[in-house]
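Working notes, structure below.
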Amino acid sequence: MKKVLIANRGEIALRIIRAARELGIKTVVAHSTADEKSLPVLLADEAICIGPPPSGQSYLNIPNLLSAAIVTGADAIHPGYGFLAENATFAEMCREHGITFIGPTPENMRALGDKATARKVAREAGVPTVPGTDELESIEEAKRAALEIGYPVILKASAGGGGRGMRVVHTEEELERAIQQAQEEARAAFGNPAVYLEKYIEEPKHIEIQVLGDGENVVHLWERDCSIQRRHQKLLEEAPSVLPYETRRAIAEAAARLARHVGYVSAGTLEFLVDKEGNFYFIEMNTRIQVEHPITELITGIDLVQAQFRIAQGEKLWLRQEDIEVRGHAIEVRINAEDPEKGFRPSIGKVETLLFPGGPGIRVDSHLYAGYQIPPHYDSLIAKIIAWAPTREEAIRRMERALAETVIEGPGLKTTIPFHQKVLQNAFFRRGAVYTNFVARRMEM
Amino acid sequence: MKKVLIANRGEIALRIIRAARELGIKTVVAHSTADEKSLPVLLADEAICIGPPPSGQSYLNIPNLLSAAIVTGADAIHPGYGFLAENATFAEMCREHGITFIGPTPENMRALGDKATARKVAREAGVPTVPGTDELESIEEAKRAALEIGYPVILKASAGGGGRGMRVVHTEEELERAIQQAQEEARAAFGNPAVYLEKYIEEPKHIEIQVLGDGENVVHLWERDCSIQRRHQKLLEEAPSVLPYETRRAIAEAAARLARHVGYVSAGTLEFLVDKEGNFYFIEMNTRIQVEHPITELITGIDLVQAQFRIAQGEKLWLRQEDIEVRGHAIEVRINAEDPEKGFRPSIGKVETLLFPGGPGIRVDSHLYAGYQIPPHYDSLIAKIIAWAPTREEAIRRMERALAETVIEGPGLKTTIPFHQKVLQNAFFRRGAVYTNFVARRMEM
Amino acid sequence: MTPKELKQILQALVEHGVNELTLETPDYKLTVRRGGEVQVVAMPQVVAPPPSPPVPVAPAPRPEVPAAPAPVPAPEPVQASPKEECAGCVEVKAPIVGTFYRAPAPDAPPYVKEGDRVEKGQVLCIIEAMKLMNEIESEVAGIVKKILVQNGEPVEYGQPLFLIQPV
Amino acid sequence: MTPKELKQILQALVEHGVNELTLETPDYKLTVRRGGEVQVVAMPQVVAPPPSPPVPVAPAPRPEVPAAPAPVPAPEPVQASPKEECAGCVEVKAPIVGTFYRAPAPDAPPYVKEGDRVEKGQVLCIIEAMKLMNEIESEVAGIVKKILVQNGEPVEYGQPLFLIQPV
């Protein structure tokens, strides 16, 4: 591998440049016209414009991206996250054109691509999923299933999403009426009254396991706790979680088993819900590098993006499970150009004054520079600040110190820093009492 | 400890603020009028001006510093490095005024303060020093001593320094004439012809051992290789060294033994010369935190400045030797506002454009900000960039990547970045062939 | 200038991380932008009349150091758009990424040459992308004033290809 | 200039970490900015009457200067110096760090009050530092216009204590 085309933007494009450069691989950043003055474009060895600002015509424009790789002589493409990262067709087309796709195989993506298929594969590999039914045919069937699964259960619209058509049911008495209501809501919202039933997990932790595979061998790099979310958007992540060692190991081993079962190649993440008793349920797999990968890098010392490159070059996995050792605790905060006081409304603008934190245990991944105009076309992530320390308590205090010395200012520019400062000060957070509805319940946001 | 007065400036003042803040201790920065707009002053909880720009009237002004601690209600003083850090009288006066001096005891400093006393203490502790004589009385005595020490030997002026009056002697035949020449030079340079004789160590490595002590227990945090020097000024340091494990352990254990022998308190560093055969000789001890402490922090995960605070608060050492585990490799480069093309001439000015490196394994300790005017009164260190990676080779490549993305620019401002880039590319450096005259010999500087 | 000399210059630029260079001598004018185009424009050889008294050389323009901090990193210098060379001209830009060809086949004549008159919708060139030949048509009727890309060169999205003076 | 010469120059620049250079010789003027633009403008040694209208050398492109970003962090708002309150007044500043006292003892009357006339060398206050009482004397004869520090307050080096209108 001599030259990689980076089919992405922002901090992850910069992250990929850094990994490539340390491996002696040249970089070409493919960018939209809106990102012409972005830091990855300025720092890469080469840059090529692949379309106008809307990502449908640029970062998702497969013909232009492949053509850009061909005309610049790139022999590999790194998709980053989002955009085309989990697009099996794109991975396949790269292969057809003799370009190495830095990520899993198209077959891996298809085996894990949609939730239903992934659940099936998980069951084959003996990994628990959230117990549930198919579309309900009758009240009797629902009652039987609910009894088997155990209350509380949740009704969900087959065609649905976003909370509509959902109903939590605690006892059999409530069930019939709840089904009727859920069906009515589902019909109104989606034009389809079909509902199904699932075990309702109260206050679950969102735990994800990082894996690396070479198609044959798979190792896990332990877990990340991503429970601090707002409307399913992760905001703050930490590694390791506060779960007991036995639970952590059981989940991590299940994840590695599943990845091994599909012959997984490259870096990937398996997401689980974990209930208060330590029962865990596989939800889905992300077949890409993730935003929050740095916390795993900090506790294991392993560079995940470099690992993606090495695996894509055909290197057999150089790590055995016993080589992977967790040291200390890491926390990442996602700094978004959003106003947490106004419902996290995007708040774009020009960065005029910029001071990132430094000193011991602090890592900054950001594409900002003083004078950078944040374009309105893409997501609002502008920086990731990551703190490492020997213990969770020290990592929290270090992150507080780092956020206190951070300055990201410009006319009208707001960031999520004040939100993170509140999370870090929250007594429930400090004692590790986090779960997916933490922000809604403890932060009232 | 509630509030600490920081009797220092620049990056180390900022480093101390960071440590204090993570421990929940308030900070007061004592500063000269020249540092009124410095980053530590802007980021500290409080600041107090203690004198005009010349350090003799400000950073070395003991009455004003003590008075500043008293009037701001600080119950401790951290001296940083340089200035008053190794001044036993200052440490004693702090004690008399009921202010905790964050560092070793005045007794520690006196036992190790000058080289001659320190050598004596080392011999008591069974730690080897460079074999040598007192002032030579006669040629016969010189011949006997040289034979005993073994050629080559070096003649040094008793009153001297800076290379004058020095003569390396390889055989007995050369000795008499060399003594006469050295005496003549010494008389001309210092008005005192007295010379003494020492073992000449060819191409030594400068190895220093970091220790932490609580007055009773001492642990070592392994070594740093600081061989990359120019005129005795360290420029680039790394940890661990490329020495064999057995040598490293022998030196580290000797260092800990010496520190234990004097009942050392706080963080300290013992410097050794190591010859090609792995023989090592104690030279002196630095009874303070050092510029290059971050590389030890990165390979051990231990915050040395926080450790200084905790020990000063009377905490018993919480680390046993077996708790200290080295992981990976770290390199620090000192970025000075100097022009390496013009004999490292200071090159002060205003920092207009600033971009520090980020991403995995990179730490930045710097008091710079865009718009900062570097004052001409103090030393030229403006930033430390520290790279960590699992192996030395990866750490070198990471540092190269980091320096390539660093921008420190202003009218007329030059830095030592190009010098470091050349060191990192040097084939001898890359295979670890470093020694104290590396820069002179391999870089021709 | 010999190709060898040109190669040496380019090698020097690559080795030294220079992105842009303009070299003017009595014999030639060379403009190089790394990653972009390379232009060698031959200057007419002019026989100098007998020497006359030297005239003080005016200081050549040089980039001024900005008085205010430049953004980090400094934006690339704003280049005179090709369009400025021809007031009223229409720029035809690459709508896709690919390789620019002036003719339908290596041995065929080019679709257009400078000075040609073209109709709206007339094919000006093709851009090959992933082995597909995409014909690029003129958006206006007019005269081809300038062809901005060499045959066989890669083009990025939005790159100006032709200047056409509408008629 | 030969390519070899240019290469040597560029190499020299890289080796010497030079970012910008202007070199004028009778033969050429060279402007190099590493990472930015490079211009080599050959100047004819002999100025000949122009064979054709000279192409004006366009001003070198330069990065646009942003509206000066504020330093990081922004400097504290500039405070009106106490001196501005009294044109012609002399500021008496603290020469040491310590605690400001207006009187020699808690029950003693203050050394001076606003409106008092003082002589040169007259004691104005004391600053206690490390249990030592340091008398601060007036540098001029004049009227005490303003006392800027409260009794018992800490003062830092250089802090204005009094405004005195010389007479």
Side-chain angles (χ1 to χ4, degrees), chain A residues 11 14-24 39 42-43 293-294 297-298 300-306 323 325 327-328 352-371 383-390 394-402 404-405 407, chain B residues 11 14-24 39 42-43 293-294 297-298 300-306 323 325 327-328 352-371 383-390 394-402 404-405 407:
Chain A
E11 69 86 19
L14 191 54
R15 175 70 188 87
I16 298 163
I17 290 173
R18 286 169 170 155
R21 199 154 276 173
E22 291 178 24
L23 292 168
L39 196 55
L42 294 162
L43 287 182
H293 75 275
E297 295 184 326
L298 283 177
T300 62
I302 294 165
D303 188 313
L304 289 167
V305 182
Q306 284 194 23
D323 297 332
E325 209 187 316
R327 182 189 253 191
E352 288 192 344
T353 308
L354 183 66
L355 185 70
F356 277 129
I362 293 300
R363 167 174 169 185
V364 178
D365 277 39
S366 171
H367 57 293
L368 294 191
Y369 59 84
K384 304 189 306 202
I385 295 178
I386 308 115
W388 178 93
E394 288 166 293
I396 291 172
R397 281 188 274 138
R398 183 159 281 170
M399 180 64 89
E400 290 188 299
R401 183 274 287 174
E405 69 189 53
V407 181
Chain B
E11 69 87 19
L14 191 53
R15 175 71 188 86
I16 297 162
I17 291 174
R18 286 170 171 154
R21 198 153 277 174
E22 291 178 23
L23 292 169
L39 197 54
L42 293 162
L43 287 182
H293 76 275
E297 294 185 325
L298 282 178
T300 62
I302 294 163
D303 188 312
L304 288 166
V305 182
Q306 284 194 24
D323 297 332
E325 209 188 316
R327 182 190 251 190
E352 287 192 344
T353 309
L354 184 65
L355 184 71
F356 276 130
I362 294 300
R363 166 174 168 184
V364 179
D365 276 39
S366 171
H367 57 293
L368 294 191
Y369 59 83
K384 305 189 304 201
I385 295 178
I386 308 115
W388 178 93
E394 289 167 292
I396 292 171
R397 282 188 273 137
R398 183 159 281 171
M399 182 63 90
E400 289 188 299
R401 183 274 288 174
E405 68 188 54
V407 181

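By convention in this document, chain letters (A, B, ...) are assigned in the order of the sequence lines, proteins followed by strands, and residues within each chain are numbered from 1.
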Below 4.5 Å, heavy-atom pairs only: which of [options] has the largest tally toward chain B?
options	answer
A:E11, A:R18, A:E394	A:R18
A:P360, A:G301, A:P390, A:G358	A:P360
A:E400, A:R327, A:M399, A:R397	A:R327

Separation between [atom1] of [X] and [atom2] of [Y], rounded to the nearest 0.5 Å:
X	Y	atom1	atom2	value
B:L355	A:L368	CG	CG	10.5 Å
A:F356	A:Y369	CZ	OH	13.0 Å
A:L14	A:L43	CG	CG	6.0 Å

(message) Between B:D303 and B:R15, does any NZ, NE, NH1 or NH2 come within less than 4.0 Å of an OD or OE carboxylate oxygen?
(response)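 So B:R15 pairs with B:D303 through a salt bridge.
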(request) Could you tell me which of B:I362, B:L298, B:D365 has the largest number of non-hydrogen atom pairs under 4.5 Å with chain A? (result)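 Answer, by heavy-atom pair count under 4.5 Å with chain A: B:D365.
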(message) Out of B:Q306, B:R363, B:E297, B:R21, return the one with the most heavy atom pairs under 4.5 angstrom to chain A.
(response)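 Heavy-atom pairs under 4.5 Å are most numerous for B:R363.
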(request) Sequence neighbours left out, what passes side chain to side chain donor-acceptor pair (under 3.5 Å) with A:R401? Give chain and number order. (result)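 Scan of A:R401 (side chain to side chain donor-acceptor pair (under 3.5 Å), adjacent residues dropped) gives A:E405, B:E22.
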(request) Could I get the full list of side chain to side chain donor-acceptor pair (under 3.5 Å) partners for B:E325, not counting sequence neighbours? (result)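 Listed in chain order: nothing, the list is empty.
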(request) Could you look at B:L23 and say if it's the side chain, the backbone, both or neither that has a heavy atom under 4.5 Å from chain A? (result)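 For B:L23, backbone and side chain are both near chain A.
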(message) Counting only non-hydrogen atoms closer than 4.5 Å, does B:P294 touch chain A with its backbone (N, CA, C, O), its side chain (CB onward), both, or neither?
(response)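 Contact with chain A: none, neither part.
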